[in-house]
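Have a look at the structure below, then the notes.
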Amino acid sequence: MPPLTTIGSRRATCAPNERARRAGRRWLAAVLVSAAAASTGAELGGELRLVLDDFADAPGSGVGGGGWGRVAGRGEWLGASARVEGRGFFADTGWGRGGVLELGDALLAWSGDWGSLTLGHQQVAWGRADIFRLLDQVNPQRYPDALWEDPADARLPLWMANLEVPFAGLEWQFLAGADELLDAGNPAFPNSFAGGDSDPRRASPEGFGGVRVGGQVGDLSLSLHWLEHPNLLPLWRPGPSGGASLVERQARLLGLSADWPVGPVVLRMEAAYTATETLDADARIVSQDIAQVLVGLDWQAGHWFASPQLYGSMLDPADGTTDSRSLNYASLLVRHRSLQDRFEVRLFGIWGLDVGERWLSLRLGYTVNDRLELQLHADRFAGSDGGLLAPFAELSRVGAAAILRF
Amino acid sequence: MRLRSAMLAAALAVAGGAWAASDDGRAFMERSERATKSRTEATRFRLDLIDAQGGLVQSREMTFDFKKLADKEATLVRFLSPPALRGTGLLIEDPGMSASDIWLYLPATRRLRRINGAEKTNWFLGTEFAHEDFEDYQLPLYRFALLDQVPCGTGTCQRVEAVASDPGERAASGYSRKIYSIDTATLYPVGIEYYGKRDVPIKRFGASDLVRQGNYWRPQTVVMNNLENGRMTRLTVLERTLDAPLDDYRVSARYLRAE
């Protein structure tokens with residue numbers, strides 16, 4: 001059992017049995033609501049993905065693979081559009097094997113010129129940055145899925161109320177909710193969480209809330225973000241006894257997002273300031289501030305799309321116990337579509353400008369027909385201590401996937 | 001012209017359809033726009049991608065909502081099928097200037113991504129339509145010249161040449177000029193020839209099976225032929241309403257994200 005670590009009044013993990021029971025309840029709820037949706041004639045859809053991978057750095061043969069599935073029902077109920085989704089996966093990688101069954105979206109949404117109110121288990125995506133997670137902090141994410149799967153599949157939906165209203169020429173969004181989920185790990189991969197626990201959770205649901213306001217000033221599109229008790233990042237860190245401690249980063253997020261079309265490109269910028277709490281090497285609670293800035297541009301021409309980004313973060317311990325530390329990265333996404341969108345090449349790379357980290361990713365996708373897509377993918381991580389990719393010190397993946405959508 | 005007025009927006013007030021020969025090109029196009037443009041339009045299409053050999057590559061179903069707002073015109077396109085594209089959408093906000101505001105929503109990311117409206121030559125999601133083909137006549141930005149009259153369908157078409165007069169539009173457009181074929185009876189643009197920057201025809205738009213719907217004429221089928229690669233995109237109307245009440249929400253970023 002992973003160690004229990006308390007920060008303030010928060011106990012940041014709970015027993016595996018209890019977790020299993022909760023997961024079971026969520027999945028059961030998804031199945032029941034899906035069945036109810038199906039019985040009322042709601043539209044059903046979903047996806048099944050089978051993957052075969054070779055992990056050169058994994059113990060044993062390194063041959064792995066797994067399956068990922070999702071089924072969703074949509075319909076109308078109580079004058080709202082309703083959606084419920086169950087999803088799950090199983091993976092075997094050589095480092096480990098495991099699976100998850102969970103409730104995806106389960107929501108009711110009322111919308112009109114007055115605004116939108118969405119109640120239930122849902123995702124809220126803030127920010128537009130690729131990979132770097134400055135503002136996309138409302139929902140926890142699962143790693144390493146968040147790096148190589150679609151973001152919507154890696155985010156873990158939370159129970160919340162989401163109100164969006166246009167007012168005074170601006171778009172306002174108010175969030176309030178409670179949940180016990182934290183960032184999670186794929187149980188088939190080594191992870192950086194305390195005790196290797198891939199599914200750390202709070203002992204009981206806790207509240208969070210936030211506001212986003214966006215508008216347009218001439219060509220400039222701008223939004224401001226505030227999130228109280230944003231997503232927690234449980235990180236592994238050597239403890240005073242040599243063991244592992246669960247470290248919470250949380251408290252408050254203040255952010256800014258802007259994009260601006262200039263010539264043939266769209267310039268975009270995100271900035272986030274996060275006030276966090278964590279444990280120092282002596283297990284004392286300390287505060288630290290993290291400032292992050294990202295500047296990127298999107299350039300689309302014909303069938304080509306390119307998006308370079310520059311990212312920098314500055315971690316500043318508020319109590320002055322350790323020196324401030326900065327991390328700087330560059331990234332590039334290039335995508336090309338051809339054959340009437342049937343064939344896609346996607347190349348993505350990240351380079352650490354001061355810690356020597358890098359990640360290169362190549363994905364080729366071919367749409368065979370309306371339901372079937374085939375993919376080839378290759379990833380090479382080279383992380384280093386203290387860097388964003390540290391959990392993947394050396395990880396290579398080459399594989400293929402068949403995706404069936406219905 | 002562009003998809004909206006060519007195949008959706010435009011329509012016609014045949015009343016007085018007899019066009020006066022003394023009208024100049026601009027006046028003629030203004031009459032066509034007045035006659036064919038509804039305040040709102042909600043259409044459900046089947047979209048077929050056809051390869052150079054005539055084979056069907058993919059069929060998609062999509063909705064196309066259009067509304068004239070106080071300060072702009074907004075068009076929202078959303079795919080209903082196939083499953084890989086379900087929920088993918090595009091919002092085009094056209095303030096009547098050379099660059100529109102374009103937002104793309106992908107369910108896989110649940111994010112809205114802004115696309116530079118000045119890059120009008122971008123292809124629209126695997127079709128033979130470019131983003132600029134969704135715009136209307138853009139009357140203030142073009143110079144129109146009347147050409148000849150030719151037989152078309154069962155009637156006669158007035159051919160009108162459009163050349164960008166606005167420097168920004170000239171730079172942003174992928175075309176050096178366009179030649180519209182406007183049906184003189186309905187004032188509907190039933191054909192458009194697009195000339196590339198080297199002044200050779202590169203695409204050809206055609207609208208057929210015009211039917212009267214309320215105050216407007218609308219085609220039941222439109223095609224865009226790419227003359228360079230032989231491919232074709234065909235749109236067939238499944239359902240359409242004109243000038244019916246349409247919430248502003250239906251052409252908003254919020255609706256785009258609502259999937």
Side-chain angles (χ1 to χ4, degrees), chain A residues 45-47 74 81 83 109 111-116 118 123-130 136 149-153 155 164 166 171 214 216 219 221 259-266 268 298-305 307 337-342 367 369-373 403-406, chain B residues 49-52 57-60 80-87 93 95 97 99-119 121-128 130-131 171-172 174 226 229 231-233 246-250 252-255 257-259:
Chain A
E47 181 178 327
R74 298 159 187 265
S81 62
R83 186 163 77 228
S111 300
D113 281 353
W114 58 270
S116 304
T118 308
Q123 297 186 23
V124 173
W126 279 1
R128 277 182 283 281
D130 294 317
D136 195 358
E149 303 292 359
D150 290 333
D153 294 336
R155 280 191 211 102
E164 295 183 69
E171 289 286 333
Q216 196 120 354
D219 282 341
S221 176
D259 40 34
W260 186 33
V262 180
V265 305
V266 174
R268 54 189 169 81
D298 294 342
W299 176 72
Q300 187 165 0
H303 300 287
W304 288 92
F305 176 78
S307 180
R337 292 175 183 269
S338 56
L339 300 176
Q340 291 170 292
D341 264 10
R342 277 176 294 172
T367 301
N369 56 41
D370 284 354
R371 303 199 180 280
L372 180 63
E373 180 184 352
I403 303 165
L404 184 66
R405 298 182 176 97
F406 55 92
Chain B
L49 302 180
I50 295 164
D51 64 21
V57 172
Q58 190 178 66
S59 272
R60 304 171 177 174
L80 307 176
S81 70
L85 276 175
R86 183 164 45 211
E93 296 179 327
M97 295 183 289
S100 299
D101 238 344
I102 303 176
W103 300 88
L104 175 68
Y105 176 80
L106 297 174
T109 64
R110 307 245 177 141
R111 290 177 182 146
L112 276 180
R113 196 146 194 165
R114 195 171 186 179
I115 295 174
N116 196 330
E119 277 294 297
T121 60
N122 289 330
W123 298 100
F124 174 66
L125 294 169
T127 72
E128 302 311 317
H131 286 155
N226 187 321
N229 59 27
R231 294 173 187 154
M232 182 172 84
T233 300
L246 187 71
D247 285 350
D248 291 359
Y249 164 66
R250 286 278 297 273
S252 70
R254 265 193 302 121
Y255 186 76
R257 281 189 282 109
E259 288 188 48

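The sequence lines fix the lettering, A, B, ..., with proteins before strands; numbering per chain opens at 1.
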Closest non-hydrogen atoms of Val266(A) and Ile115(B), given as atom of the first, atom of the second and distance, are CG2-C, 3.9 Å
Cut-off 4.5 Å, heavy atoms of chain A, and the answer for Asn229(B) is neither
What one should report as the nearest heavy-atom pair of Asp113(A) and Tyr249(B) is OD1-N, 2.8 Å
Comparing Thr127(B), Leu106(B), Leu112(B) against chain A, the one with the most heavy-atom pairs below 4.5 Å turns out to be Leu112(B)
Rounded to the nearest 0.5 Å, the CG atom of Leu104(B) sits from the CZ atom of Phe305(A) at a distance of 9.0 Å
Is there a side-chain contact (heavy atoms from CB on, under 4.5 Å) between Arg231(B) and Gln340(A) once you walk through the steps?
CA-CA 9 Å; Arg231(B) 294 173 187 154; Gln340(A) 291 170 292; 3.4 Å; yes
Minimal heavy-atom distance between Ala152(A) and Pro107(B), with the atoms involved, is CB-O, 3.5 Å
Legend entry - Distance-only side-chain donor-acceptor flag, Ser111(A) / Tyr255(B), under 3.5 Å: no
When the 4.5 angstrom heavy-atom criterion is applied to Trp304(A) and chain B, the contacting part is neither
Bottom line for Glu149(A): the part with an atom under 4.5 Å from chain B's heavy atoms is neither
Looking only at heavy atoms, the pair that brings Phe406(A) and Arg86(B) closest together is O-NH2, 3.1 Å
Judged by modelled atom types alone, do Gln216(A) and Asp101(B) share a side-chain donor-acceptor pair under 3.5 Å?
-> yes
Bottom line for Leu85(B): the part with an atom under 4.5 Å from chain A's heavy atoms is neither
Compare all side-chain heavy atoms of Glu47(A) with those of Pro83(B) and state whether any distance is below 4.5 angstrom. no
Bottom line for Arg337(A): the part with an atom under 4.5 Å from chain B's heavy atoms is neither
Interatomic distance, CG@Leu49(B) vs CG@Asp341(A), rounded to 0.5 Å, equals 8.0 Å
Okay, Ser221(A) and chain B: the region with an atom under 4.5 Å from a heavy atom over there is both
Here the gap from Ser81(B) atom OG to Arg371(A) atom CZ, rounded to the nearest 0.5 Å, amounts to 9.0 Å
The interface call for Arg254(B) against chain A, heavy-atom contacts under 4.5 Å, is side chain
Does Arg113(B) pair with Asp298(A) as a salt bridge, N-O distance under 4.0 Å? yes
When the 4.5 angstrom heavy-atom criterion is applied to Ala258(B) and chain A, the contacting part is backbone
Ranked by heavy-atom pairs below 4.5 Å to chain B, first place among Thr118(A), Asp219(A), Thr367(A), Val124(A) goes to Asp219(A)
Here the pair of heavy atoms bringing Asp136(A) nearest to Arg111(B) is OD2-NH2, 3.1 Å
Margin query: Closer than 4.0 angstrom, basic N to acidic O: yes or no for Asp370(A) and Arg60(B)?
Written below: no
Residues passing the side-chain hydrogen bond (donor to acceptor under 3.5 Å, both in side chains) test with Arg342(A), sequence neighbours excluded, are none
So, the part of Leu246(B) with a heavy atom under 4.5 Å from chain A: the answer is neither
When the 4.5 angstrom heavy-atom criterion is applied to Val262(A) and chain B, the contacting part is backbone
Exercise. For the side chain of Asp150(A) and the backbone of Ala108(B), is there at least one donor-acceptor N/O pair under 3.5 Å apart?
Worked result: no
In terms of heavy-atom pairs under 4.5 Å with chain B, the winner among Gly46(A), Gly112(A), Ser81(A), Pro166(A) is Gly112(A)
Looking only at heavy atoms, the pair that brings Arg155(A) and Thr109(B) closest together is NH2-O, 3.1 Å
